[in-house]
Amino acid sequence: MAASKSEAESVNEQLIVNKYGAMRTELNQIYSKITELEMEVSEHSLVINAIQPLDPSRRCYRMIGGVLVERTIKEVLPAVERNKEGLEEVLSRLNEALEKKKKEIAEFEVKHKIRIRKSDDAVDDNSKKEGSAQGVLVGPAES
């Protein structure tokens with residue numbers, strides 16, 4: 001009877017570990033999606049800033065569903081601005097979901113007395129995240 005009790009506890013612990021791992025994976029997916037959308041918002045801002053001062057009747061090209069179409073700046077600028085606003089809305093919802101998930105994980109950790117062991121791998125992961133946030137150099141360097 002004692003053996004079956006310890007087996008049940010280990011199965012229960014494994015379920016908790018699996019659920020915690022799934023929650024952490026979901027948190028990382030939210031972080032990834034937020035980063036991706038922030039990059040898209042940044043690209044939309046660059047496009048808006050580049051075409052705003054130009055003549056509205058000037059031709060420009062826009063990729064729509066994998067097809068490059070010719071339009072005027074007057075037609076494209078409002079669409080790009082709407083897309084940027086939509087991305088910002090989704091981004092704010094994802095940030096809310098991120099906070100909710102963080103709180104859920106914290107409550108789960110307290111409930112099941114989960115502690116994370118700090119190791120050298122965690123330090124390496126943090127340095128990788130910091131490095132990926134750096135800017136990109138575009139164009140040839142001036143001599």
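Residue numbers start at 1 and run along the sequence shown. Quick caveat: nothing in here was measured; it's all calculated off a predicted structure.
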Electrostatic pair Glu99:Lys103 at N-O distance under 4.0 angstrom: no
Rounding to 0.5 Å, atoms CG (Asp55) and NZ (Lys74) come to a distance of 10.5 Å
Do Ser45 side-chain atoms and Val41 backbone N/O form a donor-acceptor pair below 3.5 Å? yes
Taking a hydrophobic cluster as the set of Ile, Leu, Val, Met, Phe, Trp and Tyr residues connected by side-chain heavy atoms closer than 4.5 Å, whether directly or through intermediates, do Ile30 and Tyr20 fall within one such cluster?
yes
* Apply side chain to side chain contact (heavy atoms under 4.5 Å, CB included) to the pair Val76 and Tyr61, showing each step before the final yes or no. => CA-CA 9 Å; Val76 169; Tyr61 297 90; over 6 Å; no
Residues Lys102 and Leu27: closest non-hydrogen pair is CG-CD1, 3.9 Å
Legend entry - same_hphob_cluster(Val90, Val47) at 4.5 Å side-chain heavy-atom cutoff: no
Practice problem: Run the numbers on Met23 and Phe108 for side chain to side chain contact (heavy atoms under 4.5 Å, CB included), then give the verdict. | Solution: CA-CA 9 Å; Met23 292 169 78; Phe108 191 81; 3.9 Å; yes
For residues Leu15 and Lys19, determine if any side-chain heavy atom of one lies less than 4.5 Å from a side-chain heavy atom of the other. no
Is any side-chain heavy atom of Leu94 closer than 4.5 Å to a side-chain heavy atom of Leu98? no
Note to self: Under a 4.0 Å threshold between the charged nitrogen and the carboxylate oxygen, would Lys101 count as salt-bridged to Glu104?
What the structure shows: yes
ask   = Do Ile16 and Ile105 belong together in a cluster built from hydrophobic side chains that touch within less than 4.5 Å?
value = yes
same_hphob_cluster(Tyr31, Leu91) at 4.5 Å side-chain heavy-atom cutoff
yes
Go through the steps for Glu109 and Ile116 under the test side chain to side chain contact (heavy atoms under 4.5 Å, CB included), then give the verdict. CA-CA 9 Å; Glu109 287 173 346; Ile116 305 297; 4.3 Å; yes
OG of Ser92 to CD1 of Ile34, rounded to nearest 0.5 Å, is 10.0 Å
If you draw a 6.0 Å radius around CZ in Arg62, do more than 12 non-hydrogen atoms from other residues or ligands fall strictly inside? yes
In Leu77, Thr72, Ile73, the residue satisfying side-chain contact (heavy atoms from CB on, under 4.5 Å) with Glu75 is Thr72
In this structure, CD of Glu81 is separated from CD of Gln52 (nearest 0.5 Å) by 6.0 Å
- [ ] Decide, yes or no, whether a salt bridge links Lys33 with Glu36 under the criterion of side-chain N to carboxylate O below 4.0 Å.
- [x] yes
- Step-by-step salt bridge (charged side-chain N to carboxylate O under 4.0 Å, His left out) determination, Glu89 to Arg93: CA-CA 6 Å; Glu89 281 182 33; Arg93 281 193 233 122; 3.6 Å; yes
d(Leu87 CG, His44 NE2) to nearest 0.5 Å is 5.0 Å
